[in-house]
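Protein chains get the first letters and strands the later ones, always in sequence-line order, with residue 1 at the start of each. For the numbers below, each heavy atom of this structure counts, side chains included, while hydrogens, waters and symmetry mates do not.
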Protein chains: 2
Amino acid sequence: MFSVTVDVVCLTVRDGAFQVLLVERGGPPFEGRLALPGGFVQVDENLEDAARRELREETGIEAPRFVEQLATYGEPDRDPRGRTVSVAFLAIAADLGEATGGSDAAAADWHRVDELLRDDSLLAFDHAVILADAVERARGKLEYTPLACDFCPAEFTIAELRRVYETMWDLRLDPANFHRKVTRADGFLVETGKSADGGVGRPAQLYRRGGSGADLPAAEPRYDGVGVPLGSPCRHGASYS
Amino acid sequence: MFSVTVDVVCLTVRDGAFQVLLVERGGPPFEGRLALPGGFVQVDENLEDAARRELREETGIEAPRFVEQLATYGEPDRDPRGRTVSVAFLAIAADLGEATGGSDAAAADWHRVDELLRDDSLLAFDHAVILADAVERARGKLEYTPLACDFCPAEFTIAELRRVYETMWDLRLDPANFHRKVTRADGFLVETGKSADGGVGRPAQLYRRGGSGADLPAAEPRYDGVGVPLGSPCRHGASYS
DNA sequence: GCAAAAGTGTTATACGTACACCCATGA
DNA sequence: TCATGGGTGTACGTATAACACTTTTGC
């Protein structure tokens, strides 16, 4: 007999930095330490529903559109209270402002991922490991899915989208080539016809995230090249033993 | 309080077909039906160790080098006996021959994945869903990791490796281009100097799987292009709700 | 007009694809 | 010497990267 919990790694790009939503623990163990929002799964509750509920209850933030199971953490000694298995979820949100709603949400706030990853001891339980796995998953998915759009509000400019990639990978992208790439990627973006105003320079067009994929022709995948990892061999660390 | 189990999706390429290792259930529920090997996690046992143990006990097959957590399945009604959460693992093996060892292994055998996916009702519990997820993960990982080598024995020819891709994706690859691609991919393969014999035609060189990645220069990832999914938008189904 | 950001055009290069061709072996 | 599969050379099309250039706004 085990306790089963869920933990939510809710990531965003905020103030030009990659950030994660954390709560301060109000009781033992790890009282006063930062932790991922999460808690026990109820007996008739689906795992993903539990994750959404805990996020809402502990931080006052309604779960965003993108919520995906990350992995399950079950080392026998991971919780001093007893054998606990935790199913971690990855949530991707646009910048939602301060986290100030919710009942237990007093201590919920955003924190920079880079600082948390530099020092494992800042987080309770094995949450530093979970965070590191979540970051790796999110960075990876930017490469081959339209995940970046989920870091943006419903309507956004190409430059905002570009800044997501630039922040997550800490590099500069050529605005011209980036613009062409994303606007030409089939099904990736939808024009709204509107344009942003207020900033300096020529106003940018506003776009919306493209179709969910279901309503697209799903172009024949190009498996011809076999996708051997040429540039960076073995980059996506598989768990070999 | 939940029961926690592990299930193992052990995949291989065998007789020119993509196959999975299954057992026949010896008791209720789903008595007599095919199921993934698996069982209850012990109280002081790590999840992955449990998976390896169950694979060995139920099929007589020692877990291969590649074992990776797949996902966790926890719908409230997935097991008629009570609330059970199952952590599924993906294992990739070379063709290991018949499954005939182990105590409970009498009923363990390899089955064609394509047939199982055509009819959900062939497998016990939600194992058809787990299998489908495993297949998607394995196909996906072929694209950007050296996973294909794990479907081959320790030493293999380029043609054997090519047949893995051809079987998994059901297509024909140009042997010439494939050869160049994998032999030039840095760190992907290591020459053994030996060559295969026995077959018709010019004997092929034998290769071994390349470094684990840790001992490689880990070439600068080429994030320049941002990896928008051009050819096939939104192919890797993210769990949007 | 000037600065700044959006967006387009142009070109060199790299990579994938197709396919002709040579190599090494068994029968 | 012929058939078969292993392996190399080469030409061509397409995608990317770099960067010059035009457009549209606020000041």
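Residues A:His111 and A:Leu34 meet the side-chain proximity criterion, which asks for heavy atoms closer than 4.5 Å.
Distance alone, capped at 3.5 Å, is enough to place a donor-acceptor pair between the A:His127 side chain and the A:Leu36 backbone.
Under the rule for a side-chain contact (heavy atoms from CB on, under 4.5 Å), the partners of B:Arg112 that lie at least two apart in sequence or sit in another chain are B:Ala17, B:Gln19, B:Asp114, B:Glu115.
The pair A:Arg137-A:Glu68 meets the salt-bridge criterion, since a charged nitrogen lies less than 4.0 angstrom from a carboxylate oxygen.
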For nucleotides 4-12 of chain D, read 5' to 3', which letter fits each nucleotide if B means a protein heavy atom sits under 4.0 Å from the base, S means only the sugar-phosphate is that close, and - means neither?
BBBSBBB--
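Spacing between atom CG of A:Leu161 and atom P of C:dA6 amounts to 12 Å, rounded to whole angstrom units.
Once rounded to the nearest 0.5 Å, the distance linking CZ of B:Arg65 with CG of B:Asp150 reads 4.5 Å.
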